[in-house]
**Q** 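First the structure, which I've put down as structure tokens, then a few questions once you've had a look.
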Amino acid sequence: MSMRVKELLNIAETQMSESGVENPDVDSKLLYCYLRRIPKAKLILEYQVILEDYLCEEYFSLLDKRCAGIPLQYIIGRQGFMGFSFIVNEDVLIPRPDTEILVDNAVKVINENKIGDEQLPERGKGSFDVLDLGCGSGAIGVSIAKLCKTTKVTCSDISPEAVAVARKNAELNSVKIAFEEGDLFEPFKKARFRKKRFDMIISNPPYVRTGEIPYLQREIKDHEPLIALDGGDDGLKLYKRIIRQAPEFLKKDGILMFEIGAEQKDAVVEMLEKNGHYQDLHSLQDLAHFDRVVFARIKD
Ligand code: GLN
């Protein structure tokens, strides 16, 4: 049955709110824009258009997916991050606005040698080698490569499927990035990396406590990759491993930067302090005033 677009959107909004979708108004419109390949700004011009039967059917099948709890970003296959476009599918976590805080601050470290408002000690010139550890979609590494001209970025992930997505995102955003596949630092133990040390290791590791996962939104717990979320019983498993191993892979004044969960600052800072190889510990908050970023530098 053909239908006026305005009416179609109203039906979609009702069906979505009845299915517990969080932003039915926004999502109904974004699905339509995706179906018709139009920018959101053009949508208003289409409200009175009568949509042909087959397009209504296509729209309703997208709608049913969203109502079943599939995140909008996986349906449309894209997510914006730092003003760039990223391909996403169920093999990678959907990049979050929270993570932009991590990238913003990493860019400031690289381009201005500042953490927050604090000036860091002078560094040697030349290219800045960055490793995005557990890169997922590549959102962090690709954005840094776009925003910091003198960087050499490497992205690695344990999931070959995630590395494949990150590769596509480097291509989509026209940046040259090196890719490795394997569990944390395993790929960098190969002979050809034996002399390699990074200036910065940056990571948004899985940090949700295993016991919290069943209570996450259905969009997250049923569709996003568990391997990218599950941080073990205390949520800190990956931080422990990274903090222990990173000094071997960082230059003398190299930098380790993490995204952290809102309640993890004290535990992560304490691990860094106890380790003995780190100095200049900083933490930064996101726009909602939650602790979100931890920064440390290898002792000189
Ligand atoms: N911020 C994500 C969430 O709350 C978790 C990301 C992560 O574990 N690195 O779903």
Side-chain angles (χ1 to χ4, degrees), residues 20-23 69-75 79-82 86 88-106 130-144 155-159 161-163 165-166 169 183-185 200-243 245-246 256-269 271-272 283-296:
V21 171
E22 224 168 58
N23 295 304
I70 302 179
L72 180 89
Q73 294 88 338
Y74 290 148
I75 300 172
Q79 169 71 349
F81 181 81
M82 296 302 292
F86 286 88
V88 290
N89 62 28
E90 296 205 9
D91 295 323
V92 297
L93 210 65
I94 299 164
R96 312 284 205 259
D98 294 335
T99 307
E100 295 188 335
I101 306 290
L102 174 70
V103 174
D104 270 333
N105 282 288
V130 180
L131 169 60
D132 175 3
L133 193 61
C135 64
S137 65
I140 297 174
V142 169
S143 300
I144 290 179
C155 283
S156 73
D157 204 285
I158 191 168
S159 154
E161 292 82 11
V163 173
V165 174
N169 281 321
D183 186 18
L184 291 189
F185 293 104
M200 176 186 279
I201 295 172
I202 186 163
S203 184
N204 173 19
Y207 57 65
V208 180
R209 285 198 296 267
T210 307
E212 268 175 39
I213 288 176
Y215 302 101
L216 298 175
Q217 273 178 292
R218 61 179 177 158
E219 278 80 358
I220 303 177
K221 70 171 190 284
D222 297 339
H223 297 281
E224 298 208 65
L226 203 58
I227 193 175
L229 291 165
D230 189 349
D233 290 342
D234 58 3
L236 300 168
K237 192 169 99 186
L238 277 296
Y239 297 110
K240 283 180 202 153
R241 292 180 56 201
I242 297 171
I243 290 170
Q245 295 183 54
L256 180 59
M257 279 183 92
F258 285 129
E259 175 172 320
I260 55 160
E263 286 138 31
Q264 293 173 320
K265 182 188 91 179
D266 293 342
V268 172
V269 166
M271 281 190 263
L272 287 160
S283 66
L284 302 158
Q285 295 185 332
D286 61 22
L287 299 174
H289 301 291
F290 289 118
D291 294 316
R292 189 56 67 194
V293 173
V294 166
F295 168 100

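Read the numbers this way: they start at 1 and go in the same order the structure lists the ligands and their atoms.
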**Q** Below 4.0 angstrom from a heavy atom of Pro205, which ligand 1 atoms are there? Numbered from 1 as shown, please.
**A** 7 (C), 8 (O), 9 (N)
**Q** With a 4.0 Å cut-off on heavy atoms, is Gly261 in contact with ligand 1?
**A** no
**Q** To the nearest 0.1 Å, how far is atom 1 (N) of ligand 1 from its closest protein heavy atom, and which atom is that?
**A** Tyr207 OH, 3.1 Å
**Q** Would you check the N or O atoms of Asp98, main chain and side chain alike, for any that come under 3.5 Å of an N or O of ligand 1?
**A** no
**Q** Which ligand 1 atoms does Asn204 reach within 4.0 Å, using its non-hydrogen atoms?
**A** 7 (C), 9 (N)
**Q** Could you tell me, atom by atom, which parts of ligand 1 come under 4.0 Å of a heavy atom of Leu229?
**A** 5 (C), 8 (O), 10 (O)
**Q** Closer than 3.5 angstrom, by distance alone: can the side chain of Arg209 be matched with the main-chain N or O of Gly231 as a donor-acceptor pair?
**A** no
**Q** At their closest point, which heavy atom of Phe290 faces which heavy atom of Ala262, and how far apart are they?
**A** CD2-CB, 3.8 Å
**Q** Side chains of Tyr74 and Glu219: any donor to acceptor distance under 3.5 Å?
**A** no
**Q** If you measure from the Lys or Arg side-chain nitrogens to the Asp or Glu carboxylate oxygens, is any gap between Asp286 and Arg96 under 4.0 Å?
**A** no
**Q** Return yes when at least one protein heavy atom is under 4.0 Å from atom 9 (N) of ligand 1, and no when none is.
**A** yes
**Q** Among protein heavy atoms, which sits nearest to atom 3 (C) of ligand 1, and what does the distance come to when rounded to 0.1 Å?
**A** Arg96 NH2, 3.6 Å
**Q** Decide yes or no on salt bridge (Lys or Arg N to Asp or Glu O under 4.0 Å) for Arg241 and Asp183, but give the supporting numbers first.
**A** CA-CA 11 Å; Arg241 292 180 56 201; Asp183 186 18; 2.9 Å; yes
**Q** What is the ring orientation for Phe258 with Tyr239, classed by angle as parallel under 30°, tilted 30 to 60°, or perpendicular over 60°?
**A** perpendicular
